[in-house]
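Remarks on the structure that follows.
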Amino acid sequence: MRELPEGVASGRIVETEAYVVGDTAGHAYRGMTRRNCSLFLERGHAYIYLAYGSSYMLNVSSETPGIGAGVLIRALEPLEDIPIMRLNRGIERLRDLARGPGRLTAALRVDRRLDGLDLCREGPLWLGRGDPEPREIGPGEIGESIRIGVSRDANRLQRFYLRGSPFVSGPRSINV
DNA sequence: AGTGCGATTGACT
DNA sequence: GTCAATCGCACTA
């Protein structure tokens, strides 16, 4: 859920990637720095960084305080206040509004100012049950694959996505 | 102070 | 399918 002056935009998370303890691809692997210190917060806090000079990546810290690990949120199925997301993205096509980690943050207007925020409490950005038509997701509906754009520790199967969702990013070859 | 590099995207052939 | 833009930050000296 993203609270903005114009309204509350929300979406269902349909794709994530895990960066666990000991993962050489994780930003926390080489210890705490100014950029990545939010990864070391209690689970459920936002770690946001700028990639390639233009795309913000939204992560959720996933361990106890002092342990650096997190989950990258890679794609959303837009649910509420879709017009806000269309304006933020400058495009119309629903499928592309939040398909990809940089597009997702652009659609929700998320940047480093929200870094370190507790996502388990209501606020400008939080994880809630905003789905107007909640649906139970069975274990067989979650696919696993290698992570996208990762060179180190490349064969970990730590990307998870909702099978069959058109809002998932990545090439079809890994979305089986 | 200088250097190199991305957990990407959009434009283009 | 290929490719370059873009910039904060970690690293080295």
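For clarity, every value in this text was computed on a predicted model and none was experimentally measured.
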Residues at least two apart in sequence or cross-chain that pass salt bridge (Lys or Arg N to Asp or Glu O under 4.0 Å) with R147(A), listed by chain then number, are D23(A)
N/O donor-acceptor pairs under 3.5 Å from side chains in residues 119-129 of chain A, not counting sequence neighbours:
residue : atom : partner : partner atom : Å
R121(A) : NE   : D118(A) : OD2          : 3.4

Members of residues 166-176 of chain A that approach DNA chain C, where some heavy atom sits under 4.0 Å away:
none
Please list, chain by chain and in numerical order, all residues satisfying side chain to side chain donor-acceptor pair (under 3.5 Å) with R89(A), sequence neighbours excluded.
none
Shoot me the first and last contacting nucleotide of DNA chain B against chain A, ordered 5' to 3', at under 4.0 angstrom to non-hydrogen atoms.
dG6(B) to dG10(B)
List the residues meeting side chain to side chain donor-acceptor pair (under 3.5 Å) with D115(A), not counting sequence neighbours, and say none if there are none.
S38(A), R112(A)
Those residues that, when tested against E6(A), pass salt bridge (Lys or Arg N to Asp or Glu O under 4.0 Å) (two or more places apart):
R109(A)
Quick check: on DNA chain B, is the nucleotide nearest G149(A) upstream (toward 5') of the one nearest I91(A), or the reverse? Name the residue that is more 5'.
G149(A)
Any residue meeting salt bridge (Lys or Arg N to Asp or Glu O under 4.0 Å) with R12(A), in chain and number order, not counting sequence neighbours
E77(A), D131(A)
Rounding to 0.5 Å, atoms CD (E15(A)) and CG (L72(A)) come to a distance of 8.5 Å
Listed by chain and number, what are the ring-ring contact (aromatic ring centres under 6.0 Å, His included) partners of Y56(A), not counting sequence neighbours?
none
By salt bridge (Lys or Arg N to Asp or Glu O under 4.0 Å) - contacts of R152(A) (at least two apart)
none
If you round to the nearest 0.5 Å, how far is CD1 of I48(A) from CG of D111(A)?
7.0 Å
Is a donor on one side and an acceptor on the other found under 3.5 Å between the side chain of S61(A) and the backbone of E42(A)?
yes
Begin with the C-alpha distance, continue with both residues' side-chain angles, and end with the deciding distance and a verdict on side-chain contact (heavy atoms from CB on, under 4.5 Å) for E141(A) and R135(A).
CA-CA 12 Å; E141(A) 290 184 80; R135(A) 183 166 83 78; 3.4 Å; yes
Per-nt protein contacts along nucleotides 6-11 of chain C (heavy atom under 4.0 Å; B base, S backbone sugar-phosphate only, - none) come out as BBSSS-
Atom OG1 in T24(A), atom CZ in R30(A): separation rounded to 0.5 Å?
8.0 Å
Quick one: stems for DNA chain C, with Watson-Crick or G-U pairs under 3.5 Å, at least three in a row?
B:1-6 with C:7-12, B:8-12 with C:1-5
Under 4.0 angstrom, heavy atoms only, what part of the nucleic acid is R89(A) near: base, sugar-phosphate, or nothing?
sugar-phosphate
